[in-house]
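Following: one structure in structure tokens, then a few remarks.
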Amino acid sequence: RARPLIKNLVQLYRTLERYLTQSQKLFLLKVYLSTCFHDRALRRRIAVAVLGLARRVDRRKARESGEKQDRISPRRLV
């Protein structure tokens with residue numbers, strides 16, 4: 001149950017992070033977690049996992065787009 005929960009939260013975070021304030025992100029987490037939100041340790045572990053996975057996905061996407069650009073750029077010059 002935890003893995004899909006984290007994955008869904010990462011997707012929401014990556015989609016909405018530019019548009020939400022910190023307090024809105026916390027409210028979203030509160031609504032999404034509902035009963036689990038009151039356990040501070042669990043809430044913190046989930047938040048850390050979401051942020052870590054979101055950063056990892058961002059790095060991977062940046063690396064992939066950089067590799068694609070490198071492969072495309074020389075062809076455009078020819």
Looking only at heavy atoms, what is the nearest atom pair of Val10 and Val50, with distance? CG2-O, 3.6 Å
[X] atom [atom1]: more than 12 heavy-atom contacts under 6.0 Å:
X     : atom1 : answer
Glu17 : CD    : yes
Phe27 : CZ    : no
Arg40 : CZ    : no

Residue pair Leu51 / Tyr13, side-chain heavy-atom distance below 4.5 Å: yes
Answer yes or no: is there a side-chain heavy-atom contact under 4.5 Å between Arg14 and Lys61? yes
Atom pair [atom1]/[atom2] of [X] and [Y] - distance to nearest 0.5 Å:
X     : Y     : atom1 : atom2 : value
Leu28 : Leu12 : CG    : CG    : 5.5 Å
Leu29 : Gln24 : CG    : CD    : 13.5 Å
Thr21 : Lys25 : OG1   : NZ    : 8.0 Å

Heavy-atom donor-acceptor pair, Ser65 side chain to Ala62 backbone, under 3.5 Å: yes
